[in-house]
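One structure is given here, and the rest of the page talks about it.
Naming: A, B, ... by sequence-line order, numbering from 1 per chain. Being a predicted model, the structure only gives us computed values, none of them experimental.
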There are 2 protein chains.
Amino acid sequence: MFVVENLYLGNQVKDMRLSPTLKKIAEQLNVSISTVSRALKDHPDISAETKQKVNELATLIEYDPNPYAVNLRTHNNKEFAIVVPSLSNFFYHSFISSIEEDARQQGYSVFIYRSSNDPQIELEILKSCRLKRVSGVFISITTETKDISPFTKLDGYGIPVIFFDKVPSSELCNKICVGDAHAASLAASEILKKGIKNVLGIFGDPNMSITQARFQKFTEVLAAGNQKVQLKTVYAISSEEAEQVALAAIADFKGEYFAVFCMSDEILAGVMKAVQRKNLKVLKDVGIICISDGMIPKLFYPEITYAETSGFKLGKLALNRMMRCIAGSSFAQTIVDESRLIEGGSI
Amino acid sequence: MFVVENLYLGNQVKDMRLSPTLKKIAEQLNVSISTVSRALKDHPDISAETKQKVNELATLIEYDPNPYAVNLRTHNNKEFAIVVPSLSNFFYHSFISSIEEDARQQGYSVFIYRSSNDPQIELEILKSCRLKRVSGVFISITTETKDISPFTKLDGYGIPVIFFDKVPSSELCNKICVGDAHAASLAASEILKKGIKNVLGIFGDPNMSITQARFQKFTEVLAAGNQKVQLKTVYAISSEEAEQVALAAIADFKGEYFAVFCMSDEILAGVMKAVQRKNLKVLKDVGIICISDGMIPKLFYPEITYAETSGFKLGKLALNRMMRCIAGSSFAQTIVDESRLIEGGSI
DNA sequence: ATTATGACCGCAAACGTTTGCGGTAACATT
DNA sequence: AATGTTACCGCAAACGTTTGCGGTCATAAT
C-alpha cells in the first residue's frame, strides 16, 4: 500500500447551512414562506404569476426541500431498509439490486443493514429503522431469530415489514419466499426423469427451515417415483465439508454412475472442486444438479442444471407487496415464488 | 408462484406520532424540556438526582431522539452513501460489507445507490446525497463520468467524497484504489518465474483506465524479463467473448503448453469454461493466472493463482480515510492498495 | 350602496431537538 | 448586611417545512 498526499484543498467549506430554503426564496420575492411553499406544490390558491416567479427562482438557485424538515412535519420519508444476515451471497445481491432499481424509480432510497446473523445486532438495526421512521423494511431474519414480536411492533408503528428468503414460521406476517419445496421437487423429478439409480443429496445446516423443506420434499419426491433409486443424504455446513463428502462418495461409487444434488451454491462449489480434483467428467461420469440463483452454475462447463431461486424476481415481488402495504393493505400475505428448472447439461 | 392470503391484521396503527419525546418526559417530571435534554446528555448543569429521574423514565418509555429533529438543528447525521455502478460484482460486495461493518460500529448507517453506470443517474444520486446531507460519500464512478465538478461541489458543501476502485484521474480528490499496475506486475512476474514461454493475456474494455493500467504494466514487465516470451494480448468485453478467445487460443497452441492471464473474474469465468470444455488439465496442459477478489478462483480445482484485489481491505482503508476527512483533514490523498499473490496451484 | 363571492396571500402554530443566556436560590465571603 | 459564588434550571429562538384559518382586496350580484 502506498499513499500520495496531494494539494491542500483549502477551506472552501461552503457550509450546508446556507443552502437554499423557502425563506430565502420568500425574502427575494417579497412574499411569505407559505406562499412559496404552496406555489411550489401548485396549490390552487396561488396565482399563476406568482407560481412562475417562484418556480423560476427555485430552479435558479437549485432549491430542494430539506428532507429532515419535511419529515419532522409530515412523518413521511421515502426510505426503505433491507436487512440481511450477510452480504456475501449472490442471492441477496440480486435481491437488493432488484429492490434498489424499482425503489429509486419511485423516489425511494434504500438502506442496507447486515445483521451478521446475530439477533442482537438485528434488534439494534430494527431500532434504527424505527427511529429513522423508514417507510418499510425488507428483512431476511437470522437463523437464531425466534421472537418476532419486535417485527410486529414495527408493523404496529405503521412501518410495514416484509420478510423474504429466511422468514419466520408465523402466518401473521408478510412473507415472500423461495419455493423451497418446489425447487427440490423439480430437481428430484429431473433425477427421476433421467432414470438415475444412485443419488447423493447434500444439504446444508439441518437446523435451518430452508434445509428441512428442501430435504423433506427432495426425499419424498424421489421415494414416490416408481423407480428404485439408491439415495444417500448428507449434511454439510461448509463448502469444504461438501467437498469431503463428495470425495468420499466418489470413492464409494468407484466408477459407477451417480448423481449429486446440491442444496445450495456453497455446496455446489465444494462438490465441483471434488469433481475437478478427481478429474471426473460431468454428465459422463457424474450427474450434478442443484438449487441456485444461477451465477455459480454458469461458471462451469457443462453448465450445471439447476432449479432457479431468483433473488431478482423475489425482489420485484417484495417491492410490489411493500407498495400495497404502504397503500394500506392490511392482509398478511405469503407469496411463494416457484422456481423453474434451468437446464445446463450436467445431468 | 402462489399466494396465501392470511388473517386481517386489524387497524392497530399505533401512529408514530405518539412516540416518546423530550416534551413528554418533561411533562411527566415537571421539568423543562431543556433540562431533560441536558440530563440525557449528562450536562454538568443538571443535578445527579434529576439526571437519574430523567434517565429512568427515558429508558422506561424507550425514548430515543428523533433523528430528523436532531438533524434539523445540528446538520449532522450519521449516514454514509455508497454509490456503485453495479451490484453484480463480488468486489463491490466485499467493499460494501467492509464499510457497513465498521460504519455500524461507529453508529453510522449506509445507503446503497447504484448508478447502473449511467452518469445521469449518478447525478441524481449525488443530488439525493446532498439533500440528505449524508456525512460522506463513497463512490465508484461510471465509465462515462467525465466531469468531476459535481463531486467537488459536494465536497465544498462539507460532504467528503472518497472515490474508490473506478476513480477519476484528477489529483485533487481523495482516491482509494486497487494497485492495478502492481497486481498486473505480480502476475507477470509469476509467469516469468515459472519460465513460461507462451502467454495469452486477456483484457477487458480497452476504454477503461483499469484495463489500460493493467495492460500496460503486464506487457511491460513481461517484456522486461530476460526470457523470451511469446505474448498475445486480446480484449474481451464479456465472459462469452473471453471463452471464444480462449477456445481459439487452445486450438492455436495445439497441445503446446501456454499460460493465460485473465484481467478480471469475468474473463476468468469465460476462460475456465473453455478449459473445461476442451477438457484441459489446469497446470498440466495450461497455466492460469488472474487478478481477482478471490471468490471465483476458489471455485476451481486446482484453485486459480491470483493477484488479490481485496474489496474488503479497500473498504477499511476508505472508511479510515473518510473518518479523517470528517475530522477535518483537507488533504487530497491517493491511497493505492498493493495486492499480493495468492497461490492456488494453477500455474 | 350594500353585500356576497372569489382569488390570492400571510400569520402562526406545530413537528422535536439543541443551546446561549439569563434567572433564582442557597451558601460562603468580606 | 452587602456582595460574590456556585449549583441548578427554564426561556426562547432557531433549524425548514406544512397547513388551517383568517384577512384583504377587487369584482359581481342584489
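- Contact check, B:Y63 against C:dT17: a side-chain N or O comes under 4.0 Å of OP1 or OP2.
- Atom CG in B:L29 sits about 14 Å away from atom C1' in D:dC9, given to the nearest Å.
- Between the CG atom of B:L131 and the C1' atom of D:dC15 there is a distance of 16 Å, given to the nearest Å.
- B:S47 has a side-chain polar atom (N or O) that falls below the 4.0 Å cut-off from OP1 or OP2 of D:dC9.
- Atom CZ in A:R73 sits about 16 Å away from atom P in D:dG16, given to the nearest Å.
- Which of D:dC9, C:dT18, C:dG16 sits closest to the side chain of B:T35 comes down to D:dC9.
- Relative to the side chain of A:T50, the nucleotides D:dG16, D:dG10, C:dC9 differ in distance, and C:dC9 lies closest.
- Residues B:K51 and B:A69 each lie close to DNA chain D; by heavy-atom proximity, the contact nearer the 5' end of the strand is made by B:K51.
- Centroid-to-centroid, the aromatic rings of B:F163 and B:F138 stay 6.0 Å apart or farther.
- Look at NZ on A:K41: it is 10 Å from C1' on D:dT19, rounded to the nearest Å.
- Ranked by how close their nearest DNA chain C nucleotide is to the 5' end, B:Y68 and A:V31 are led by A:V31.
- The C1' atoms of five pairs define one axis at each end of the helix from C:dA1-D:dT30 to C:dT30-D:dA1, and these two axes lie 70° apart (to 10°).
- Under a cut-off of 6.0 angstrom, the local environment of CD in B:E49 is sparse, with at most 12 non-hydrogen atoms contributed by other residues, nucleotides or ligands.
- The nearest whole Å value for the distance from the CD1 atom in A:I46 to the P atom in D:dT19 is 13 Å.
- Considering only the side chain of B:S32, D:dG10 comes nearest among C:dT17, D:dG10, C:dA14.
- Nucleic acid contact class of A:N76 (heavy atoms, under 4.0 Å, all strands): none.
- For C:dT18, one of the phosphate oxygens OP1 or OP2 lies less than 4.0 angstrom from a side-chain nitrogen or oxygen of B:S37.
- The aromatic rings of B:Y108 and B:F80 lie parallel to each other, their planes meeting at an angle below 30°, with 60° marking the opposite boundary.
- Between A:N174 and the options A:I162, A:V167, A:T334, a side chain to side chain contact (heavy atoms under 4.5 Å, CB included) holds for only A:I162.
- For A:N77 and C:dG16, the CG to P distance is 15 Å, given to the nearest whole Å.
- The CG-P distance, from A:N71 to D:dT18, rounds to 12 Å in whole Å.
- Side-chain contact between B:K78 and B:P67: absent, with no pair of heavy atoms (C-beta onward) separated by less than 4.5 Å.
- Where B:P65 and A:P44 each meet DNA chain C at their nearest nucleotide, the meeting point lying more 5' is that of A:P44.
- When rounded to the nearest whole Å, the span between CZ of B:R38 and C1' of C:dG22 equals 11 Å.
- Between A:F95 and A:F164, a ring centre-to-centre spacing shorter than 6.0 Å is recorded.
- Contact between the side-chain N/O atoms of A:K23 and the OP1/OP2 oxygens of D:dT17 is not found at any separation under 4.0 Å.
- For B:R104, the CZ atom sits in a packed shell: over 12 heavy atoms of surrounding residues, nucleotides or ligands are nearer than 6.0 Å.
- The shortest distance between side-chain heavy atoms of B:I139 and B:E122 falls below 4.5 Å.
- A donor N or O paired with an acceptor N or O is found under 3.5 Å between the base of C:dC11 and the side-chain atoms of A:S34.
- When the nucleotides C:dC8, C:dG16, D:dT18 are ranked by their closest atom to the side chain of A:D45, C:dC8 comes out on top.
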